[in-house]
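Comments concern the structure below.
Every heavy atom of this structure was used, including side-chain atoms; hydrogens, water molecules and symmetry mates were not. Throughout, a chain's letter reflects where its sequence line sits, starting with A, and its residues are numbered from 1. Fair warning: this is a prediction, and the values are worked out from it, not measured in the lab.
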2 protein chains.
Amino acid sequence: MDTGEFRRLWDDLAAIGRADDGGYLRFSWSEADLACRDWFRAQAEDRGLRWETDRNGNRYAWWDPEPTTVPGEAPPDDRAVLTGSHFDSVPHGGAYDGPLGIVSAFLAVDRLRAEGAEPRRPIGIVAFTEEEGGRFGVPCLGSRLTTGALDPAAARGLTDPDGITLADAMRAAGADPDALGPDPERLDRLDAFVELHIEQGRGLDGEGAAVGVAGAVWPHGRWRVTVTGEADHAGTTRLADRRDPMLTFAFAVLAARKEARLAGGLATIGRVEAEPNATNAIAARVTAWLDARAPDDTVLEAILREFESKVQDRAARDGTQVSITPESETTLVEFDPALRDRIATLLGGAPVLPTGAGHDAGVLAAHVPTAMLFVRNPTGVSHAPGEAASDEDCAAGVEALAAVLRDLAC
Amino acid sequence: MDTGEFRRLWDDLAAIGRADDGGYLRFSWSEADLACRDWFRAQAEDRGLRWETDRNGNRYAWWDPEPTTVPGEAPPDDRAVLTGSHFDSVPHGGAYDGPLGIVSAFLAVDRLRAEGAEPRRPIGIVAFTEEEGGRFGVPCLGSRLTTGALDPAAARGLTDPDGITLADAMRAAGADPDALGPDPERLDRLDAFVELHIEQGRGLDGEGAAVGVAGAVWPHGRWRVTVTGEADHAGTTRLADRRDPMLTFAFAVLAARKEARLAGGLATIGRVEAEPNATNAIAARVTAWLDARAPDDTVLEAILREFESKVQDRAARDGTQVSITPESETTLVEFDPALRDRIATLLGGAPVLPTGAGHDAGVLAAHVPTAMLFVRNPTGVSHAPGEAASDEDCAAGVEALAAVLRDLAC
């Protein structure tokens, strides 16, 4: 396909929620998110696609097969092939993580129509809600609710950094939080889900390939680390009298890195909140979030066990208390091997890559045959404004996705 | 004096700006601050004291001497004795730090009037603006502007955590930021400044004394520590490819503590801001504030030098950049020895204590003979909700302040 065609649709979406640094602030149920949802609806309507929003706020556009008109011909299959991704970003995240999968889906439909293809089963495009957990802290919120992996009452009570609950944010956006919940009938009507996504590393660049296929998602999770000490005056309290949670937190940052390095996994503390967060006061409490991932579940458990043990030892020396509680945990996800191999062959032997990042595809994989396509990311930068793919590679991604949809649904 | 009298006036002020945890959110030019200013005005008016606000937002009440009526008698001295402190708090700070000096000043005037004393020179009560730097980051803002230690243009551009400038905050409160600036005539009209303050340690408790006198203020300062790395995806970026500023920051927290311990000073990092502060992103930048203090200037310089050297070494290993810039620095302040000794003797040999905390009195000391009275703090807790003094000790503080004002101004 023409790179200009990709670029036109891409630019049409690009301004929504973009900050001065070129990064994105597209948080679920925010004004930027609602503008993205409007954009999605307009794209569907422009193409004559039926659109709808499910009980969990995920939005769909449907290209339905024509009803059977030839007497005796079998009716079209009603089990759909779904593609798509998410609009929402981490704070100041890149443009491609999520939206590339949605833009590519609309363009793949255009590609199939241009060649006169007709679906023999419904082809759906989905925009999942809050994949990043950038506002309410739980990643893959929309897909987890749909599969029943997240309790709707717990979801309603999640709060954003301003203390606004998901329920209130949904109501303010005109959505109904009481409708949240599992949607097994919807999942049952899916024959396959294929998510196209920018790669979040440099694997394809190393392989010299524009497009690849996901093998597995590393087990991963996030844990809230709360260190409680005692607030006091920074200028008058003797060092020996202090119970300073910032010290324990600092140790935890370095311990996470060390344990991940020794075990061959990844561990990161990128988010921290100190209270009262005053220059001349010893902190009363420091809350941090640990993100940890590993090639298998045993290694991930070992990293967590060592981290917790060493941080607790340090807390005892600092006179502080530490609690480490999981906010989300995902075990190893192997994508459907038959679907993965079929797609890799269809794409002429595309590379198969593991990924350390979670995706809605990883959540759906337990319920629906699921695959992921990756588009080359030459710098590997992700979750930051510098994240990018070339227009040529994005166009190749659209071609690959069109080929997959043609194979599975036309 | 009667502890009930203290308690009545104390309780009258106590509700303003109090948070659920019992700590205070009295930030300069906030609604709580304006309510404190109104309270001050009402106290002045109740007592028939003339009140005014200076160009820097500091509010004064004046008990002026009667004009001379006896022919041949010398006119009263027009050089004033000033007392008072500040209303503003650190976030969730204690009730006593600041307000005790203002409440005690009004009660000391009541005490002198009750015994029929008459001032021979003006007695002033002052509430300085933003002593804590809790909103705009620069402590002793009001007194520094008045003495010319802070450039008014720089002050106008200071921002609070919401990005609101001091100029805008003043305008919103009906004050004129263009008027900010040095006020040497006002300082010239001061004969002495005496600030009463709750002690921020347990020195008086150890001495078994309700009231003490300040000897010197330790040299102290705050430095902004900015660590810049590269934002990236926490789940996909290899540890070896990262430039993670959180690691350098964590090292800095531990290094500050270690260097202070070795040198016999104090160093604290109690405030930190990470960007983008997302759970699944490596931070792009971490900004922290170092508060450091020491018994003399040489020791403080040594702590800073070692801290900076070790943090820079670590940054080189982490692939990050660090800048450490002073936001305020105050060298050793020795209070006026003659005034200090006079007050200690007047109070029957009150203990003389050093302090690690900065005060408006420390800023004025370079321009006006200045002294401080401390009131016993049995737990030593400061800048936290648990900060407290007994009503008996507070009443003793009022008596001591009344004695000092009687001696210096009646």
message = Out of Arg238(B), His220(B), Met246(B), return the one with the most heavy atom pairs under 4.5 angstrom to chain A.
response = Met246(B)

request  = Give, for atom CZ of Phe251(A) and atom CZ of Phe251(B), the distance between the pair rounded to the nearest 0.5 Å.
outcome  = 14.0 Å

key: Engaged part of Arg293(A) at the chain B interface, taking heavy atoms whose separation is under 4.5 Å   = side chain

Interface moiety of Ala252(B) toward chain A, non-hydrogen atoms closer than 4.5 Å = neither

key: Largest heavy-atom contact set with chain B, pairs under 4.5 Å, which of Gly356(A), Gly93(A), Gly270(A)   = Gly270(A)

query = Does some side-chain heavy atom of Asp244(A) sit less than 4.5 Å from a side-chain heavy atom of Ile269(B)?
reply = no

Top of Asp291(A), Thr355(A), Asp241(A), Val90(A) for chain B proximity - count of heavy-atom pairs under 4.5 angstrom = Asp291(A)

task = Identify the two heavy atoms, one from Leu239(B) and one from Ala260(A), that lie closest to each other, and give their separation to 0.1 Å.
result = CD1-C, 4.1 Å

request  = With the side chain counted from C-beta on, respond yes when Glu199(B) and Thr236(A) share a heavy-atom pair under 4.5 Å apart, and no when they do not.
outcome  = no

task = Indicate the atoms forming the closest heavy-atom contact of Ala250(A) with Leu254(B), along with that distance.
result = CB-CG, 3.9 Å

note = Ranked by heavy-atom pairs below 4.5 Å to chain A, first place among Val381(B), Asp97(B), Leu247(B) goes to Leu247(B)

query = Do Arg242(B) and Arg257(A) come close enough that some side-chain heavy atom pair is under 4.5 Å?
reply = yes

key: Proximal component of Ala267(A), with respect to chain B [non-hydrogen, under 4.5 Å]   = backbone

ask   = Mind checking whether Ser382(B) and Thr237(A) have side chains closer than 4.5 Å, heavy atoms only?
value = no

note = By residue number, those in residues 271-286 of chain A with heavy atoms under 4.5 Å from heavy atoms of chain B are Arg271(A), Val272(A), Glu273(A), Ala274(A), Pro276(A), Asn277(A), Ala278(A), Thr279(A), Asn280(A), Ala281(A), Ile282(A), Ala283(A)

Between Ala292(B), Ala234(B), Ala231(B), Pro139(B), the one whose heavy-atom pairs under 4.5 Å with chain A are most numerous = Ala234(B)

